[in-house]
2 protein chains.
Amino acid sequence: MIRLTVQRQAILDLINRSNQHWDAEELARCLGQNGEQLGIATVYRGLAALENAGLIQSIQLADKKRYERANKGHHDHLVCTKCGDIKEFCDSEIEMRQQQVAQDLAFHMTGHQLLIFGICESCSKDSQEDKTA
Amino acid sequence: MIRLTVQRQAILDLINRSNQHWDAEELARCLGQNGEQLGIATVYRGLAALENAGLIQSIQLADKKRYERANKGHHDHLVCTKCGDIKEFCDSEIEMRQQQVAQDLAFHMTGHQLLIFGICESCSKDSQEDKTA
DNA sequence: ACAAAGAACGATAACTATTATCAATATCAA
DNA sequence: TTGATATTGATAATAGTTATCGTTCTTTGT
Ligand SMILES: [Mn+2]
Ligand SMILES: [Mn+2]
Ligand SMILES: [Zn+2]
Ligand SMILES: [Zn+2]
């Protein structure tokens with residue numbers, strides 16, 4: 001049973017009322033600006049506790065973990081390697097295939113993470129302009 | 001054009017004649033035991049250069065990057081969260097779906113990484129024994 | 001209500017993987 | 001050969017995260 005302290009509630013509220021993928025620093029900075037300053041260690045611990053309780057979810061990128069609302073349900077991500085923008089998708093066929101693959105290999109799947117890397121639409125347009133100019 | 005120095009060749013050879021997913025430390029340690037000691041920075045730089053040249057490939061796990069032979073072609077991974085064991089698979093349906101998803105979202109995909117987490121067969125058996133005993 | 005006992009907090013030290021720096025070598029090219 | 005360029009290795013620095021520890025809540029039993 002997670003204890004929802006004022007600090008954890010502040011983290012949870014901020015994540016729940018936004019639609020971003022936050023890292024710990026961003027969260028701490030934003031809370032600080034809102035007059036709810038909390039120690040960076042508390043942020044890390046709070047995030048871990050909240051995720052454990054299923055109140056938020058995360059994705060592990062190459063350098064850092066990013067957290068988001070859990071009330072969207074499961075989905076996977078497209079990450080723009082140029083601007084860092086993150087888009088979301090969920091493909092039930094992919095999800096099913098994963099189950100099948102795991103089963104075939106006698107592997108008891110508990111989770112997965114699919115990241116698609118590339119260039120987002122807006123960054124693609126930027127590149128074209130560069131060439132034209 | 002990558003320059004295949006003796007150091008880089010040593011790294012490449014070791015990776016090519018094995019079937020593991022190596023991290024930088026493991027590689028450096030193993031090379032050292034084979035009388036081919038090289039600085040850890042050289043290992044990191046060599047790995048990056050070799051990957052750039054397409055001679056090896058890597059997967060980014062939560063904590064560290066792991067490298068493996070490139071001559072197996074692309075595939076994805078099942079990672080046992082108990083023993084760390086890594087199994088491989090490639091599902092063409094999943095691969096195609098990813099292309100489709102990216103296209104639908106006007107996203108120019110350049111790569112992807114799919115990790116399936118869970119408990120491998122051998123660890124599953126271990127757990128059963130624990131309960132029986 | 002009161003006094004442990006147990007959690008959580010915040011400051012900060014510690015840790016891990018990786019990259020940056022820089023002087024010394026090695027390799028390439030004219 | 002000689003100067004330009006690239007690579008190496010030792011080590012400092014960096015980034016994200018976890019561990020430590022004394023302090024400050026909460027909870028629980030009386
Ligand atoms: Mn998301
Ligand atoms: Mn592999
Ligand atoms: Zn972009
Ligand atoms: Zn296992």
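As a basis for the values below, the full set of heavy atoms in this structure was taken, side chains included, without hydrogen atoms, waters or symmetry mates. Computed from a predicted model, the values in this text were never measured in an experiment.
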Testing C:dT12, D:dT7, D:dT11 for proximity to the side chain of B:T5, the answer is D:dT7
- Message: Considering every strand and a 4.0 Å limit on heavy-atom distances, what is the contact class for A:Q7: base, sugar-phosphate, or nothing?
- Response: sugar-phosphate
Check your understanding: When you look at NE2 of A:H75, are more than 12 heavy atoms from neighbouring residues, nucleotides or ligands closer to it than 6.0 Å?
Key -> yes
Can you tell whether the side chains of B:K72 and B:E88 come within less than 4.0 Å, N to carboxylate O? yes
Rounded to whole Å, CG of A:L4 lies from C1' of C:dA7 at a distance of 13 Å
Rounded to whole Å, CD of A:Q9 lies from P of C:dA8 at a distance of 14 Å
A:E51 CD to D:dT17 P, in whole Å, measures 12 Å
To the nearest angstrom, the CG-P distance between B:L27 and C:dT18 comes to 12 Å
Assess the side chains of A:Q7 and A:T42: does a donor N or O sit below 3.5 Å from an acceptor N or O?
no
A:L38 atom CG is separated from C:dA7 atom C1', nearest whole Å, by 16 Å
Whichever of B:K64 and B:A41 has the more 5' nearest nucleotide on DNA chain C, that residue is B:K64
Per side-chain hydrogen bond (donor to acceptor under 3.5 Å, both in side chains), A:H77 is matched among A:Q113, A:E68, A:K87 by A:E68
The residue, B:K65 or B:V6, whose nearest nucleotide of DNA chain C is more 5′ is B:K65
When rounded to whole Å, the CG to C1' distance for the pair A:L47 and C:dC9 reads 15 Å
Per nearest nucleotide of DNA chain D, the residue lying toward the 5' end, B:I40 or A:I40, is B:I40
Worksheet entry | A:H74 and A:E95: CA distance, side-chain angles, deciding distance, side chain to side chain donor-acceptor pair (under 3.5 Å) verdict | CA-CA 10 Å; A:H74 168 76; A:E95 301 288 323; 3.1 Å; yes
Checklist entry - According to a strict under-4.0 Å criterion, is B:R45 in side-chain N/O contact with OP1 or OP2 of C:dT19? => result no
Regarding the side chain of A:R3, the nearest nucleotide among C:dA20, C:dA7, C:dG10 is C:dA7
(Q) Does a side-chain N or O of B:R8 approach OP1 or OP2 of D:dT8 to a distance below 4.0 Å, or not? (A) yes
Taken to the nearest whole Å, CD1/B:I2 to P/C:dC28 is 13 Å
Looking at every strand, decide which applies to A:D23 at a 4.0 Å heavy-atom threshold: base, sugar-phosphate, or nothing. nothing
Between CD of A:E25 and P of D:dT14 the distance, given in whole Å, is 15 Å
Practice prompt. Output yes when at least one side-chain N/O atom of A:Y44 is less than 4.0 Å from OP1 or OP2 of D:dT17, else no.
Written response: yes
